[in-house]
Amino acid sequence: QVQLVESGGGLVQPGGSLRLSCAASGSIFSINVMGWYRQAPGKERDLVATITSVGSTNYADSVKGRFTISRDNAKNTVYLQMNSLKPEDTAVYYCNADIAEYHWSASFAYWGQGTQVTVSS
């Protein structure tokens, strides 16, 4: 059973910073792409950033230059450093990982439970 556990959300003032973490655990053979998505109230879940196993990254235009995604493959963990936060960054942030449990199995997308980020003065 694979689990993704997120941490690091909270309340921050505009212009502030937060760092999110997401650790994958359980039966894991390999992890390909890991990423972060977010969902604001009344809106769809949108891509924030992704990172491949070799470190190639992709960002939504709205966060480029402010957010940085990174990962520690030895710890099966992905991070999201968020700087210069704006009220429009307020959302529930979800971790996503493409994981193969065994060397012979296909990979599936797993999701974390979500962590709330609120940017407000």
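As the structure is a prediction and not an experimental result, all values here were calculated from the model.
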Report summary line: Hits for side chain to side chain contact (heavy atoms under 4.5 Å, CB included) against S17, two or more places apart or cross-chain, chain-then-number order -> Q81, N83
Pairing residues for [X] by the side-chain hydrogen bond (donor to acceptor under 3.5 Å, both in side chains) criterion, not counting sequence neighbours:
X	value
T118	Q116
S27	none
S62	R38
T57	none

Approximate separation, where rounding is to 0.5 Å, of [X] [atom1] and [Y] [atom2]:
X	Y	atom1	atom2	answer
I99	N76	CD1	CG	7.5 Å
T77	L4	OG1	CG	10.0 Å
I51	Y79	CD1	OH	11.5 Å

Please give me the minimum heavy-atom distance between [X] and [Y], naming the atom from each residue.
X	Y	value
W36	S21	CH2-O, 3.6 Å
R71	I31	NH2-O, 3.3 Å
T115	E6	N-OE1, 3.9 Å
V48	V63	O-CG2, 3.6 Å
N96	A109	ND2-CB, 3.9 Å
A40	A91	N-CB, 3.9 Å

Query - Under the ring pair (Phe, Tyr, Trp, His ring centres under 6.0 Å) test, residues paired with Y110 that sit two or more places apart - result: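 Partners of Y110 under the ring pair (Phe, Tyr, Trp, His ring centres under 6.0 Å) test: none.
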Query raised in the report: Going by the disulfide bond (SG atoms under 2.5 Å apart) test, which pairs reach into residues 83-121, not counting sequence neighbours?
Result: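 The answer is C22-C95.
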Residue pairs fulfilling salt bridge (charged side-chain N to carboxylate O under 4.0 Å, His left out) with at least one residue in [range], sequence neighbours excluded:
range	answer
residues 48-68	D61-K64, R66-D89
residues 17-37	none
residues 110-121	none

Report task. Report the hydrophobic cluster partners of L11, with the cluster defined as I, L, V, M, F, W, Y residues connected by side-chain heavy atoms closer than 4.5 angstrom, directly or transitively. Result -> none
Query raised in the report: When clusters are formed from ILVMFWY side-chain contacts under 4.5 Å, directly or step by step, what else is grouped with W111?
Result: Y37, L47, V92, Y94
**Report entry** E44 atom CD, over 12 foreign heavy atoms within 6.0 Å
**Finding:**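 No, not enclosed.
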Can you find a pair of side-chain heavy atoms, one from [X] and one from [Y], that are under 4.5 Å apart?
X	Y	value
I28	E101	no
T68	Y59	yes
P87	P14	yes

Report task. Give me the one residue out of L20, I69, D72 that meets side-chain contact (heavy atoms from CB on, under 4.5 Å) with V78. Result ->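 In the set L20, I69, D72, the residue that makes a side-chain contact (heavy atoms from CB on, under 4.5 Å) with V78 is I69.
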